[in-house]
Amino acid sequence: MKGTAGIYVHLGSDASPMMGNHVIPAGEGSYDWKEVTAEIVAPAEAVKAAVGTVLHGTGTAWFDDFSLEPKAGPGIQCAAAACEELPAG
C-alpha cells in the first residue's frame with residue numbers, strides 16, 4: 001500500500017451526528033498484521049457511533065476482528081451494516 005490506512009469513529013445522535021470525529025491511524029506502507037487500539041471518550045449526549053475504515057493512497061488495506069468495548073457504564077448495542085467494497089480503478 002502507498003499511503004496511510006486507519007479507522008474512523010463518528011460519535012453523535014440523530015440531531016447532531018458529528019459530535020465527535022476520530023481517525024485512528026493504522027500505519028503506512030506494507031507490513032504484517034498488527035493490533036491497533038485507541039481510547040475514545042464519547043460526549044455524554046452521544047447515543048450512536050459509526051465506525052469504518054479509511055485508505056488515503058493506493059493499494060489494499062485489510063482489517064479484521066474489530067471490537068468496541070465500554071470502559072464503564074451500561075453495555076453497548078451494536079448493529080453491523082453490510083460490508084462495502086469499492087471497485088478498483
Side-chain angles (χ1 to χ4, degrees):
M1 170 186 70
K2 291 184 180 179
T4 60
I7 300 165
Y8 70 80
V9 181
H10 298 164
L11 303 165
S13 66
D14 287 333
S16 183
M18 292 292 284
M19 291 178 190
N21 178 23
H22 304 273
V23 176
I24 303 149
E28 58 183 84
S30 296
Y31 47 84
D32 289 332
W33 289 103
K34 69 178 183 177
E35 181 177 23
V36 176
T37 63
E39 185 173 315
I40 297 171
V41 177
E45 304 83 16
V47 296
K48 294 183 177 189
V51 180
T53 60
V54 293
L55 172 60
H56 298 286
T58 59
T60 303
W62 296 92
F63 298 87
D64 186 28
D65 197 21
F66 182 86
S67 65
L68 292 174
E69 299 175 11
K71 289 195 73 146
I76 58 174
Q77 296 179 355
C78 296
C83 291
E84 178 181 24
E85 185 173 329
L86 300 176

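Here the structure is a predicted model, which is why all the values come from computation and not from measurement.
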| said: Apply the hydrophobic cluster definition, ILVMFWY joined by side-chain contacts under 4.5 Å directly or through others, and give me every member besides Met19. | reply: none

| query | Would Leu11 and Val23 show up in the same hydrophobic cluster when neighbours are defined by side-chain heavy atoms closer than 4.5 Å? | reply | no

| field | Selection residues 21-35 - residue pairs positive for side-chain hydrogen bond (donor to acceptor under 3.5 Å, both in side chains), sequence neighbours left out | value | His10-Asn21

| query | Going hydrophobic residue to hydrophobic residue with side-chain gaps under 4.5 angstrom, can you get from Tyr8 over to Val36? | reply | no

| query | Can you name the nearest heavy-atom pair linking Phe63 to Ala5, along with the distance? | reply | CZ-CB, 4.1 Å

Atom pairs and distances, side-chain donor-acceptor, residues 37-62, under 3.5 Å, sequence neighbours left out:
{"from": "Glu39", "atom 1": "OE1", "to": "Lys71", "atom 2": "NZ", "distance (Å)": "3.2"}
{"from": "Lys48", "atom 1": "NZ", "to": "Asp14", "atom 2": "OD1", "distance (Å)": "2.4"}

